[in-house]
Amino acid sequence: MIKVALALLVATATATSAADISCLKCHEKENALYAPSAHAQAGLTCLDCHGGDPKATDVTAHATDNFKRPDNKKAIAELCASCHGDVRRMNPYGLPTDQLDRYKTSKHGEQLFAQNDQKVAVCIDCHGVHDILKVKSPQAHVYPTNIPQTCGRCHGDVKLMQEYKLPTDIITQYKSSYHAYMVFEKGDLSAPTCVTCHGSHGATPPGTAQVGQVCGKCHVRQRELFEKSPHAEAAAAGLFNECVSCHGNHGIQKASVELFAKTCVQCHAKDPKQLQLRDDIAGLIRRAQDGCSNAVTVVHDATVRGLATDDEELLLQEAKTQVTQLEAMQHLLAVDQLQPVVKRSDEIVKLTLADVADLERIERWKRHALTPIWAFLALMAIIFWAKRRQLEQGRKP
Ligand code: HEC
Ligand code: HEC
Ligand code: HEC
Ligand code: HEC
Ligand code: HEC
Ligand code: HEC
Ligand code: HEC
Ligand code: HEC
Ligand code: HEC
């Protein structure tokens with residue numbers, strides 16, 4: 001208890017000394033942003049970045065030799081890295097110290113350090129200046145759900161992007177994508193935002209050679225299958241942009257069998273063999289999907305009518321698994337490998353339908369078997385009633 005009180009006292013004492021510096025008297029606006037920041041929480045003050053005289057109560061506070069106001073992006077990167085590139089300083093916090101080195105390999109960093117281009121992003125454009133929060137804080141500018149806005153400040157700026165001949169619709173494309181739907185509507189942070197695909201500090205567009213690796217980091221199975229497909233060789237030779245050729249990059253939508261109609265023809269319009277293959281594969285997938293959804297309806301109807309369909313529900317799960325497997329396996333573009341899965345799916349559907357038919361037969365039988373029993377009981381009741389009446393009438397004088 002005493003220890004806690006002491007610790008609190010010490011903490012208040014350091015906080016007071018930090019709050020005592022004269023800078024805060026004139027710079028309330030900056031301080032309001034700064035106070036909740038990760039830097040303030042770690043005990044850093046204005047002096048750590050700006051220098052100056054913390055005792056002076058007039059503008060001579062700025063008159064010291066060490067006073068600085070970094071206004072060039074290179075100087076800012078170097079200021080941040082003076083601590084964040086220093087292993088000894090960052091060790092207690094367990095933070096990596098490679099941000100500047102990585103940044104220099106990004107298009108942003110290359111442009112800044114080689115061309116002195118002041119329009120690219122530097123540390124403060126992504127993290128903020130005085131309001132830098134821990135990256136895990138949901139309010140941080142670099143928190144996944146804030147990333148599109150952070151990048152969008154420039155990459156959604158049509159005039160700026162035209163200057164660099166870069167697309168101006170990346171942000172809107174991304175926001176319409178299935179990935180964004182997962183992140184923003186479903187709260188699934190395992191789906192990618194800009195920096196998951198591009199890297200944060202080493203931001204470069206994944207070149208043709210690396211695109212598959214980016215998607216394949218998460219879509220491991222699809223990547224493995226693609227590697228065995230007829231396009232793998234063309235991709236290795238740089239003639240085919242792996243996943244992006246069929247799915248796009250920023251505006252990726254939920255995939256469905258309709259994609260076959262849209263994609264193959266873009267490159268194989270004059271290859272009847274390839275288009276035939278496309279139709280065969282799409283046909284197999286449709287057959288399995290339709291079979292499965294028909295079985296789902298039949299089992300559902302049976303359940304509604306009060307039949308006990310627990311076993312059939314299990315079969316349905318199995319049928320759905322086959323369809324899911326098929327939707328991934330089509331990445332092989334090999335009909336002979338898909339056929340066994342479709343066959344198995346067909347069998348499960350057949351079995352399910354037969355099971356439901358059996359259930360219905362039993363139900364009908366139960367109904368019919370009960371009819372004579374009811375009739376017999378009714379007859380007995382009538383006879384009993386008649387007998388009683390007869391007896392009563394016999395007793396009357
Ligand atoms: C007497 C009031 C006062 C005190 C004390 C004071 N400042 Fe300032 N400061 C100003 C004014 C006024 C400006 C110019 C307007 C502006 O940029 O906000 C300024 C500007 C600045 C700038 C921007 C300089 C530029 O070239 O754009 C920085 C950085 C700064 N102050 C930091 C500090 C720090 C650090 C301290 C404490 C060591 C401090 N100030 C103390 C009033 C003060
Ligand atoms: C982690 C480093 C860091 C700390 C700590 C810091 N600043 Fe700054 N400050 C900067 C950088 C970098 C800029 C330049 C921002 C820019 O060019 O947009 C800046 C800019 C300023 C400016 C110029 C006006 C502006 O907003 O661009 C003022 C005034 C200022 N700081 C005051 C303060 C005061 C007061 C504190 C303490 C409460 C403080 N700073 C703490 C890094 C820091
Ligand atoms: C293009 C945007 C961008 C730029 C520029 C940028 N960062 Fe980051 N930074 C991020 C994102 C996003 C994260 C969140 C973690 C991640 O995705 O790596 C991050 C994380 C961090 C972290 C937390 C530890 C870590 O490495 O994950 C530190 C510290 C950091 N950045 C410092 C810097 C410094 C210093 C610079 C300038 C040399 C800088 N950042 C430039 C986007 C950026
Ligand atoms: C004087 C040393 C120093 C300077 C200069 C400095 N930082 Fe920091 N930074 C720290 C310390 C210490 C922490 C606190 C780490 C903690 O509490 O986990 C920190 C935390 C951070 C974090 C949060 C990391 C996390 O844990 O999520 C980011 C992001 C960050 N700094 C970015 C910057 C940027 C951008 C600049 C330049 C404008 C900068 N820093 C300048 C020392 C510094
Ligand atoms: C301060 C403005 C600004 C911000 C913020 C910004 N960028 Fe950039 N970015 C640029 C500019 C300007 C270029 C053009 C550099 C060039 O191509 O010469 C660029 C280039 C790029 C490129 C390389 C494009 C190419 O092929 O040349 C990628 C990738 C990129 N940015 C991703 C991002 C991501 C991801 C974010 C957010 C985490 C982000 N940027 C935030 C200004 C910004
Ligand atoms: C699912 C992964 C993914 C996501 C998420 C993503 N990108 Fe990209 N981005 C790519 C790929 C792949 C390319 C390269 C396209 C190609 O090779 O055809 C690219 C290209 C770019 C380029 C260069 C465009 C060009 O034509 O040169 C910029 C700039 C860019 N992305 C910015 C962003 C921004 C900003 C966001 C967030 C709103 C974002 N990206 C989200 C994968 C992604
Ligand atoms: C950071 C991980 C990650 C990266 C990187 C990533 N994705 Fe995704 N992707 C997801 C998640 C999570 C989902 C939603 C869950 C699901 O359906 O698998 C998803 C969904 C999809 C879907 C829709 C799936 C469906 O059910 O119809 C497609 C298509 C897709 N991604 C393609 C790509 C492509 C192409 C790339 C590379 C340009 C890529 N993804 C990069 C995680 C990622
Ligand atoms: C972005 C262009 C592009 C798209 C889209 C595309 N392909 Fe290809 N495909 C190629 C290239 C390039 C090759 C390798 C050169 C060649 O054999 O024509 C290839 C090769 C093939 C081969 C091997 C041909 C052989 O003789 O070895 C098959 C099979 C094939 N594609 C089927 C398809 C199907 C089916 C689709 C749609 C699901 C499709 N492709 C979509 C560009 C594409
Ligand atoms: C030749 C065109 C083509 C290429 C190349 C391609 N896909 Fe697909 N992908 C499709 C089609 C068509 C579907 C829809 C299948 C269905 O649902 O009927 C699909 C479905 C998907 C799905 C959802 C179904 C599932 O498997 O869960 C994901 C995720 C996916 N693709 C990821 C990728 C990734 C990652 C790559 C790169 C390694 C890639 N795709 C390469 C055409 C392609």
Side-chain angles (χ1 to χ4, degrees), residues 18-19 21-35 37-50 52 61-62 68-73 75-86 89-90 92-96 99 107 122-130 132-137 140-142 147-156 161 164-168 170-175 177-180 183 191-198 203-212 214-215 217-219 241-245 247-252:
I21 59 174
S22 63
C23 326
L24 307 187
K25 297 194 173 65
C26 302
H27 289 292
E28 274 178 29
K29 201 182 82 198
E30 280 79 18
N31 192 42
L33 289 169
Y34 186 68
S37 76
H39 291 135
Q41 306 284 310
L44 302 184
T45 71
C46 320
L47 306 174
D48 288 295
C49 290
H50 292 295
H62 306 138
K68 56 182 180 286
R69 187 259 192 236
D71 50 4
N72 164 302
K73 289 200 174 181
I76 291 175
E78 272 151 10
L79 167 68
C80 307
S82 67
C83 293
H84 285 286
D86 182 341
R89 265 193 115 134
M90 287 300 126
Y93 304 99
L95 287 178
Q99 294 92 4
K107 188 79 185 170
V122 74
C123 322
I124 56 167
D125 292 305
C126 294
H127 289 287
V129 184
H130 296 122
I132 296 173
L133 299 176
K134 291 207 178 199
V135 299
K136 295 239 158 60
S137 158
H141 299 296
V142 296
I147 282 288
Q149 204 182 345
T150 299
C151 311
R153 210 160 48 79
C154 299
H155 287 281
M161 287 301 119
Y164 292 90
K165 301 197 167 55
L166 286 175
T168 54
I170 291 177
I171 308 294
T172 39
Q173 285 269 333
Y174 172 73
K175 282 188 175 158
S177 74
Y178 189 61
H179 286 144
V183 173
T193 70
C194 318
V195 293
T196 333
C197 289
H198 288 288
T204 56
T208 312
Q210 297 124 3
V211 177
V214 168
C215 313
K217 260 199 318 194
C218 303
H219 299 289
N241 204 344
E242 296 219 6
C243 322
V244 174
S245 290
H247 289 288
N249 48 18
H250 297 124
I252 291 167

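Indexing begins at 1, ligand by ligand and atom by atom, following the structure's order. Values in this document were obtained by computation on a predicted structure and should not be read as measured data.
Looking at His198 next to ligand 6, an N or O pair under 3.5 Å apart turns up. Residue contacts with ligand 6: His179 is placed with no nitrogen or oxygen under 3.5 Å of a nitrogen or oxygen of the ligand (distance criterion only). An N or O contact shorter than 3.5 Å links Arg69 to ligand 2 by distance.
Annotation for ligand 6: atoms under 4.0 Å from non-hydrogen atoms of His250 are 6 (C), 7 (N), 8 (Fe), 9 (N), 10 (C), 19 (C), 20 (C), 21 (C), 30 (C), 31 (N), 33 (C), 39 (C), 40 (N), 41 (C), 43 (C). Taking every heavy atom of Pro167 and a limit of under 4.0 angstrom, the matching atoms of ligand 6 come to 24 (C), 25 (C), 26 (O). Close contacts of ligand 2 with Thr45, meaning ligand atoms under 4.0 Å from a residue heavy atom, involve 5 (C). Close approach to Pro70 involves these atoms of ligand 2, each under 4.0 Å from a residue heavy atom: 12 (C), 14 (C), 17 (O). Close contacts between ligand 2 and Val129 involve ligand atoms 9 (N), 10 (C), 11 (C), 13 (C), 15 (C), 19 (C) [criterion: under 4.0 Å to a heavy atom]. Residue contact check: Cys197 has heavy atoms under 4.0 Å from atoms 1 (C), 2 (C), 3 (C), 4 (C), 5 (C), 42 (C), 43 (C) of ligand 6. For ligand 2, the atoms closer than 4.0 angstrom to any heavy atom of Leu24 are 38 (C).
If you look at Leu166 next to ligand 6, the close heavy atoms, those under 4.0 Å, all belong to the side chain. At a heavy-atom cutoff of 4.0 Å, ligand 6 is contacted by the backbone of Thr193 but not by its side chain. If you look at Lys134 next to ligand 4, the close heavy atoms, those under 4.0 Å, come from the backbone and the side chain alike.
Looking at atom 38 (C) of ligand 4, its nearest protein heavy atom turns out to be Cys80 SG, 2.7 Å. Here the protein heavy atom with the shortest distance to atom 3 (C) of ligand 4 is Cys83 SG, 2.7 Å. Looking only at protein heavy atoms, the nearest one to atom 32 (C) of ligand 2 is Glu30 CG, 3.5 Å. Here the protein heavy atom with the shortest distance to atom 22 (C) of ligand 4 is Ile132 CG2, 4.1 Å. Given atom 19 (C) of ligand 4, the protein heavy atom at minimum distance is His39 CD2, 3.3 Å. Ranking the protein heavy atoms by distance from atom 24 (C) of ligand 4 puts Leu95 CD1, 3.9 Å first. The shortest contact between atom 42 (C) of ligand 4 and any protein heavy atom is with Leu44 CD1, 3.5 Å. For atom 37 (C) of ligand 2, the nearest protein heavy atom (residue, atom name, distance) is Cys46 SG, 1.9 Å.
Within His50, NE2 is the N, O or S atom that lies nearest to atom 8 (Fe) of ligand 2.
The distance from atom 8 (Fe) of ligand 2 to the nearest N/O/S atom of Cys49 is not under 2.8 Å. Coordination check, His130 versus atom 8 (Fe) of ligand 2: passed, since an N/O/S atom of the residue sits under 2.8 Å.
Aromatic ring pairs are classed by plane angle as parallel below 30°, tilted from 30° to 60° and perpendicular above 60°; the pair His27 and His62 is tilted.
Contact annotation: Ile21 has no heavy atom less than 4.0 Å from any atom of ligand 2.
A distance-only check finds no donor-acceptor pair linking the side chain of Thr168 to the backbone of Met161 [under 3.5 Å].
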